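Counting starts at 1 for both ligands and their atoms, following the listed order. By convention here, the first residue in the shown sequence is residue 1. Fair warning: this is a prediction, and the values are worked out from it, not measured in the lab.
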Amino acid sequence: MRKSRAFLALFLAFSSINGVSFASDTIPLSCANKKDYTIRISNVIKGCEKTEYSLGAGAIPRSMTRPNTIDKQLIYRFKAAQAAAKKDGQAIYIASGYRSLAYQKSLFAKAVKKYGSEAEASKWVAPPLVSHHPWGIAIDVNYPDEPVGAGWLEVNGPKFGLCRVYENEWWHFEPVIAPGWKCPPLVKDATFTVD
Ligand SMILES: [Zn+2]
């Protein structure tokens with residue numbers, strides 16, 4: 001018991017997010033008000049209030065096992081972004097979020113027919129084992145008709161921990177950073193996804 005506590009204390013004292021070390025009371029944690037989704041910055045020791053949803057202090061990772069729904073924290077991040085977009089006169093919505101592995105397989109099979117090869121299809125629809133949609137940690141926003149709102153999210157998403165990922169998909173966003181961090185550079189398309 002003592003040992004594990006000491007380990008936890010050590011872990012918290014030297015936590016590292018995105019490769020940068022922090023003292024745990026300085027690791028920022030974003031909290032969204034449950035009613036109006038306004039954001040408040042706390043830290044990982046203090047946590048969020050009961051009246052708030054935690055938006056997390058890092059990227060949202062893949063779960064250990066395949067989920068059957070979209071990640072909850074991703075929804076909270078999106079709702080917070082949606083509330084801020086509304087204030088800016090922009091409407092954003094999730095056109096596609098969680099997809100079952102079977103559905104992603106059928107989407108990919110259709111794309112292979114359309115584009116003639118798996119390699120070409122992969123540029124437009126991520127292969128089932130690569131796609132983050134079946135992991136519940138990817139959303140397609142305002143697809144296919146409203147890129148302006150998605151453009152708003154591309155500019156403002158980092159505050160909520162949401163990033164556009166692919167050069168060829170203006171609609172596809174993933175929670176790959178802690179809220180408030182900078183998004184990584186875009187990758188060319190789904191064939192460049194490493195994992
Ligand atoms: Zn997508």
Side-chain angles (χ1 to χ4, degrees), residues 18 32 37 53 55-56 58-86 90-179 181-195:
N18 296 352
Y37 284 94
Y53 296 118
L55 302 188
I60 300 179
R62 255 172 27 179
S63 44
M64 297 295 282
T65 55
R66 292 246 176 219
N68 54 21
T69 185
I70 193 161
D71 184 272
K72 248 191 193 158
Q73 199 168 65
L74 172 53
I75 288 292
Y76 299 145
R77 287 186 184 194
F78 182 78
K79 283 190 171 176
Q82 197 174 38
K86 200 176 170 191
Q90 293 292 333
I92 55 173
Y93 61 91
I94 297 177
S96 176
Y98 171 79
R99 296 175 197 148
S100 70
L101 204 53
Y103 184 55
Q104 186 73 22
K105 276 180 188 164
S106 76
L107 284 181
F108 188 66
K110 264 187 210 160
V112 172
K113 264 192 190 163
K114 183 174 172 186
Y115 295 105
S117 71
E118 288 201 356
E120 196 54 31
S122 302
K123 293 178 186 170
W124 303 102
V125 177
L129 294 178
V130 168
S131 175
H132 282 171
H133 283 283
W135 286 106
I137 49 170
I139 49 176
D140 292 344
V141 175
N142 288 22
Y143 181 81
D145 294 327
E146 291 163 80
V148 176
W152 182 95
L153 189 60
E154 187 175 343
V155 173
N156 297 284
K159 187 179 172 193
F160 310 97
L162 299 173
C163 297
R164 176 177 167 182
V165 175
Y166 300 123
E167 270 175 29
N168 69 333
E169 294 189 7
W170 54 258
W171 55 85
H172 181 97
F173 290 82
E174 296 188 16
V176 293
I177 55 167
W181 285 72
K182 219 179 133 192
C183 289
L186 298 183
V187 296
K188 208 172 162 214
D189 57 54
T191 60
F192 287 76
T193 306
V194 184
D195 71 1

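- Defined by atom type and a distance below 3.5 Å, a donor-acceptor pair is present between the side-chain atoms of His132 and Glu174.
- When only modelled atom types and interatomic distance are considered, Glu146 and Tyr93 share a side-chain donor-acceptor pair under 3.5 Å.
- In this structure, Ala32 and Tyr37 approach most closely via the heavy-atom pair CB-CD2, 4.1 Å.
- The distance from the Zn ion (ligand 1) to the nearest N/O/S atom of His133 is under 2.8 Å.
- Atom ND1 is the N, O or S atom of His172 at the shortest distance from the Zn ion (ligand 1).
- In terms of heavy atoms, Val176 sits closest to Pro184 at CG2-CD, 4.0 Å.
- Look at Glu169 and the Zn ion (ligand 1): no N/O/S atom of the residue is under 2.8 Å from the metal.
- Looking at Asp140, its N, O or S atom nearest to the Zn ion (ligand 1) turns out to be OD1.
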